[in-house]
Each structure stands twice: as C-alpha cells, then as structure tokens.
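Structure first, commentary second.
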Amino acid sequence: MTLPTLLVLGADPPPRLGRLTGRARVLHTDDAGLAALLPEADVLLVWDFRSRAVRDAWPGKGRRPAWVHTASAGVDHLLCPELAASDTVVTNARGVFDQPMAEYVAALVLAAAKDLPRTVGLQRDRVWRHRETRRVAGTRACVVGSGPIGRAIAATLKALGVTPALVGRVPRTGVHGPADLDRLIARADWVIAAAPLTEQTRGMFDAHRFGVMQPSAVFVNVGRGELVDESALAEALRRRWIAGAALDAFTTEPLPPDSPLWDLPGLLVSPHMSGDTVGWRDELGAQFVDLFERWAAGRPLVNVVDKKRGYVPGH
C-alpha cells in the first residue's frame with residue numbers, strides 16, 4: 001500500500017505527529033523548498049502560520065495537494081486566487097484559540113481600566129502615586145468578528161459585567177451587521193477587533209472609525225494587523241481622540257525596532273501572542289492528527305474554510 005505524502009511547511013519546534021508513524025510519508029520543508037516539494041504532497045500542513053510561501057508557490061507547475069491545513073485561525077497568509085479556485089480543501093485550527101484569546105482580551109481590558117501599565121512604571125521608578133481607576137462592570141464593548149473567537153470574547157467580557165455587542169458579516173439573531181458598526185463603536189468603551197482578514201475587512205479601522213469612537217474608548221486588536229490603518233491609529237492616540245489601544249497583531253511582524261508604534265502614548269504592544277498558552281503547539285498537533293485520521297478514513301473534514309469568504313462559515 002502506498003502511503004500518502006504529508007508535507008510540513010515547518011517551524012521550530014516541529015509538530016508532534018507520532019500517531020502518524022507508518023501511516024504517512026512525512027516530508028519537511030522551509031519556505032525556499034516548498035515549490036519543489038509541493039507536487040509530491042497529498043496533504044500540506046502549514047505549521048509555520050507566519051509563512052506566506054504558499055501564496056507564492058501554489059501557482060507553479062505540477063500536481064497540488066488535495067488538502068491544506070493551517071495551524072492558525074486565519075487563512076489570509078495562504079489563500080491566493082489559484083488556491084481559492086482549485087478543488088483543494090482548506091481547513092484551519094478553529095477551536096484551539098477561542099478561550100485563550102478571550103482571556104487575553106479580558107486581561108487587556110482590565111489592565112487598561114485599572115491603569116496597570118502605569119502602576120508597573122511607577123513601581124519601577126519607586127514612585128507612590130495614588131490614583132482612581134475605571135470600573136469595568138457596567139461598561140459596553142463592541143466585538144467585531146462573530147466567529148468562535150469573537151463569541152468567546154463577548155462571553156468572557158459579559159462575565160465581567162460588560163455589555164457586549166457582536167458585529168458580523170451579516171446580521172442575524174444576536175449578531176449585528178456592518179451597517180450597525182459605527183453606531184455601536186460610538187457608544188462602546190471597548191472596541192475589540194477579532195475579524196478575519198478579507199477584502200471587506202482590510203483597513204476597516206481607519207481615521208473615520210477612530211473619529212467615531214468616544215474619547216474614553218480603548219481599542220484592542222487581536223485579529224490581523226491589516227485590519228487597522230496604523231497611521232490613523234497613531235494619529236488618534238497622539239490627538240487623544242481615543243483613550244488608549246492594545247495591539248497584538250501588526251501589518252509588519254515582528255514589529256521593527258524603529259517603528260514609531262513602540263513609543264505611541266497609550267499603546268500597549270504585544271508580539272502576536274494572545275492565543276499562545278502553555279501546550280498550544282501540542283493541541284494544534286493533536287487537532288491536525290485527528291483531522292488526518294478523518295481524511296485517511298474518507299470521512300468529511302471539519303473546520304473547512306470557505307475559500308471565497310476567507311473563513312469557516314456557519315457562525
């Protein structure tokens with residue numbers, strides 16, 4: 001029996017795929033070697049979710065994998081027109097990051113409300129300065145992105161006494177549509193970006209949106225960096241159109257040391273880590289092995305991405 005070939009677009013450390021021993025021929029590659037090995041693969045595992053090599057290699061010559069899985073929630077880094085138009089099935093890591101990211105957002109909201117960054121700075125400077133802080137309970141949040149991550153964020157904030165409003169691609173029960181976005185962010189204390197990156201959401205947080213927000217509002221992005229016009233955000237913070245912001249995703253990653261974002265007043269920078277908790281790589285590996293076993297048995301895959309929309313539908 002010929003074993004299926006699994007090609008892993010790698011990162012360090014590699015995934016733990018011990019359960020596939022003797023059940024698949026496993027090849028590893030980096031960005032530079034992807035194009036040459038892609039025609040050999042029946043399945044491609046994009047383990048390095050920061051890599052954009054698939055977009056470059058996919059339009060080349062030769063056979064292409066029947067299934068591509070990315071160890072990330074977002075798929076914008078691999079979807080190109082040729083892949084989107086193909087018969088290849090694309091799946092993502094839906095379900096792994098929902099609660100960790102919700103907890104991270106809650107931590108950012110609490111840190112901003114309770115002025116914790118300034119407390120840390122004052123302690124470092126050995127300064128005793130009493131202040132009053134904001135109460136979280138009774139505030140409002142607008143969560144942009146109604147998928148599992150957005151819903152987990154809304155539920156976690158609600159447990160803190162925050163009233164959340166979810167905004168999705170289309171309005172439905174419990175979810176507002178894009179037409180309501182300006183109205184909702186205009187009254188929100190916390191504006192949370194957790195939407196997938198599509199042509200419709202790229203740059204959606206621009207000068208207009210930051211101008212609509214309350215001067216007391218705090219903006220948080222745990223989605224994709226390209227959701228935000230970073231120049232417009234910088235201007236909003238400098239002019240104090242909004243009270244603060246926290247970014248966990250950026251247009252350019254890693255954020256260059258000379259980026260002006262590092263020094264913006266009221267901005268908390270974190271290195272794309274909101275979903276990365278202890279053991280997250282093992283969880284991603286186990287999820288892929290479960291999916292591989294379904295695929296090998298001829299059973300329908302779950303977490304199947306609508307390649308035209310750019311995310312898993314059904315939410």
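Any value given below was found using the heavy atoms of this structure, including those in side chains, with hydrogens, waters and symmetry copies removed. Only a predicted model underlies this, so the values are computations on that prediction, with no experimental measurement involved.
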Would you check if there is a donor-acceptor pair between the side chains of [Y] and [X] at a distance under 3.5 Å?
X: Ser270; Y: Asp248; result: yes
X: Thr201; Y: Arg169; result: no
X: Asn303; Y: His69; result: no
X: His176; Y: Ser146; result: no
X: Asp31; Y: Ser51; result: yes

Between CZ of Arg129 and OG1 of Thr119, what distance do you get to the nearest 0.5 Å? 10.5 Å
Let me confirm one number: the OG1-CG distance from Thr198 to Asp306, rounded to the nearest 0.5 Å. 11.5 Å
Flag the pair [X] / [Y] as yes when at least one side-chain heavy-atom distance between them is below 4.5 Å, and no otherwise.
X: Leu261; Y: Leu267; result: yes
X: Arg140; Y: Val162; result: no
X: Thr5; Y: Val43; result: no
X: Leu264; Y: Arg238; result: yes
X: Val54; Y: Leu9; result: yes

Relative to Trp190, does Arg134 satisfy both conditions: NZ or CZ under 6.0 angstrom from the six-membered ring centre, and within 45 degrees of the ring's axis? yes
Should Ile185 and Leu247 be counted in the same cluster of Ile, Leu, Val, Met, Phe, Trp and Tyr side chains packed under 4.5 Å apart? yes
Ring centers of Trp67, Phe288 separated by less than 6.0 Å: yes
Could Arg209 and Asp206 be called an ion pair, given the rule that one side-chain N must be under 4.0 Å from one carboxylate O? no
Could you tell me whether Arg63 and Glu40 make a salt bridge, using a distance below 4.0 angstrom between a side-chain N and a carboxylate O? no
Only one of Leu284, Val289, Asp282 passes side-chain contact (heavy atoms from CB on, under 4.5 Å) with Arg16; say which it is. Asp282
Quick check on Arg19: does its CZ atom have over 12 non-hydrogen neighbours (other residues, nucleotides or ligands) under 6.0 Å away? yes
Residues, nucleotides or ligands: over 12 heavy atoms within 6.0 Å of Arg240 CZ: no
Does Asp42 form a salt bridge (Lys or Arg N to Asp or Glu O under 4.0 Å) with Arg64? I'd like the steps, not just the answer. CA-CA 7 Å; Asp42 298 297; Arg64 290 297 179 256; over 6 Å; no
